[in-house]
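I have placed the structure first, in the form of structure tokens, so that the comments after it can refer back to it.
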Amino acid sequence: MTGEASVAAGSTIDALGQFELHPVLGHLGEALRFSQSPLFMLIAAAIVLVFLYVGMRPAAVVPGRLQAAAEISYDFVHDLAVSTIGENGATFFPFVFAIFFFILAGNYLGLLPFSFTYTSHIAVTFGLAIMVFVISILASIRFQGVGFLKHFLPAGTPVWLAPLLVPIELISFLSRPVSLSIRLFANMVAGHVLLEVFAGFTIMLAGLGAFGHILAIAPIAINVALTALELLVGVLQAYVFAILTCIYLREAVAH
Amino acid sequence: MYRTPRLFLFAAPLAAVPGRAVAAGMPQLNFHDPLLIGQVVWGAVIFGGFYLALSRFALPRVERVLTDRRTRIQSDLDVARKAKAEADRASAELLSARHEAAEQARAHVERIQSEARASADAHAAETAKRLETEIANAETRITQSREQALSSLPEIATSTTQDLVARLIGPQDEQAVASAVKRVSA
């Protein structure tokens, strides 16, 4: 995302140009509405699948490094799903695994220069959040029937409080996909805008002559630190998304 | 979590950036862009395929390897536990056999000792009996000798007296001397 093309006209920094969608594969991509965002989704999915395939190919009893990494990622998400959701966690484990690694791979791919971060698009993150929302509602109906609606009135509440509490619970329930999607989207956008802006500073300072060349080191140093921070934020946001998914699913399957 | 420093860093350059970037609006919110909706549809397709590939192929493969490992470790542990139990049993058997053997040996030694003691006692008793018999025989013989000696005493005394009398006063009536001796010694 630190492509030189996004620094427009030298004197201004186009921090948001990196989020623009462009069709790939020429006219075919245009006709299919295929931009670089789905392209990177494909790459991310392929990387995860290849990682699991190549990692598990030896199927050794004593794993090598790559196999150990594949097994650790499996165990990590499996423990997360089972410990959070409960005994039905294994049912939802592939879904949680897909969510976690789809977001993680997207976040990390976006840190590579000239790549695209599909998790920086609210449409994508909201789509994921709505999917989690719908699946948790379907799971609620499947596991609890229509009775799951009684969660909107917490147990032991006096009936006269219901007109107040039910709307509050309803709003908090409906705001879940919004908070889930905006959290991820905002974190990704903020990180990438920052990287872009400081990269732009470097270029602008470099235009000021010898003194500027020395000063230009500072934003580069900041960008190095920001990249480290983004590596942390990338995995953290994927984890937060996955664990909130698990928490919503636990409420759905709990009796 | 990292909101405070990030927001600060975020706000600082935005304030410095001339209005153009902000005024242009975020491309993410340009919902007239067909590519924006296109990526959601594509995203759904790709995520669906990703989920299917994971749940049908990739993850069961990992699970199979993990399960195999668990069962193998479990069976190895079972074998090891069984071997240990057998070793324990064998060691216990060895111990009890040794204990038994020691008991037997002790009993054997005791029996031999008591036998030896008994035979020694029997031997001693036999010896004592033999000695007693011999003592009794000897006493009998002594008594007989004494009696013999005592019974021949009057005869000797008579003959001695006859000799003495014959030397002193000449030959006398032997019968009278014998009766005289008999009278004196009685």
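In what follows, chains carry the letters A, B, and so on, assigned in the order in which the sequence lines appear, proteins first and then strands, with residues in each chain numbered from 1.
With a 4.5 Å cut-off on side-chain heavy atoms, B:Phe47 and A:Met131 count as touching. Within the 4.5 Å cutoff, no side-chain heavy atoms of B:Met26 are placed close to those of A:Ile122. Between B:Leu36 and A:His121 the shortest side-chain heavy-atom distance falls below 4.5 Å. The shortest side-chain heavy-atom distance between A:Met41 and B:Phe50 does not fall under the 4.5 Å cut-off. Residues B:Glu63 and A:His78 fail the side-chain proximity criterion, which asks for heavy atoms closer than 4.5 Å. Counting only heavy atoms from C-beta outward, the side chains of B:Arg69 and A:Pro63 approach each other to under 4.5 Å.
Atom CG in B:Leu59 sits 4.5 Å away from atom CZ in A:Phe93 (nearest 0.5 Å). Interatomic distance, CH2 of B:Trp42 versus CZ of A:Arg33, reported as 11.5 Å (0.5 Å rounding).
Both the backbone and the side chain of B:Leu35 come within less than 4.5 Å of a heavy atom in chain A. Contact annotation for A:Phe102: both backbone and side-chain heavy atoms come within less than 4.5 Å of a heavy atom of chain B. Contact annotation for A:Gln36: neither backbone nor side-chain heavy atoms come within less than 4.5 Å of a heavy atom of chain B. For chain B, the nearby part of A:Leu128 is the side chain; its heavy atoms alone come within less than 4.5 Å. Heavy atoms of A:Phe185 lying under 4.5 Å from chain B belong exclusively to its side chain.
Of the listed residues A:Phe101, A:Tyr53, A:Tyr74, the one with more heavy-atom pairs under 4.5 angstrom with chain B than any other is A:Tyr74. Options A:Ser120, A:Pro23, A:Ala98, A:Ser37 differ in how many heavy-atom pairs under 4.5 Å they form with chain B, and the most are formed by A:Ala98.
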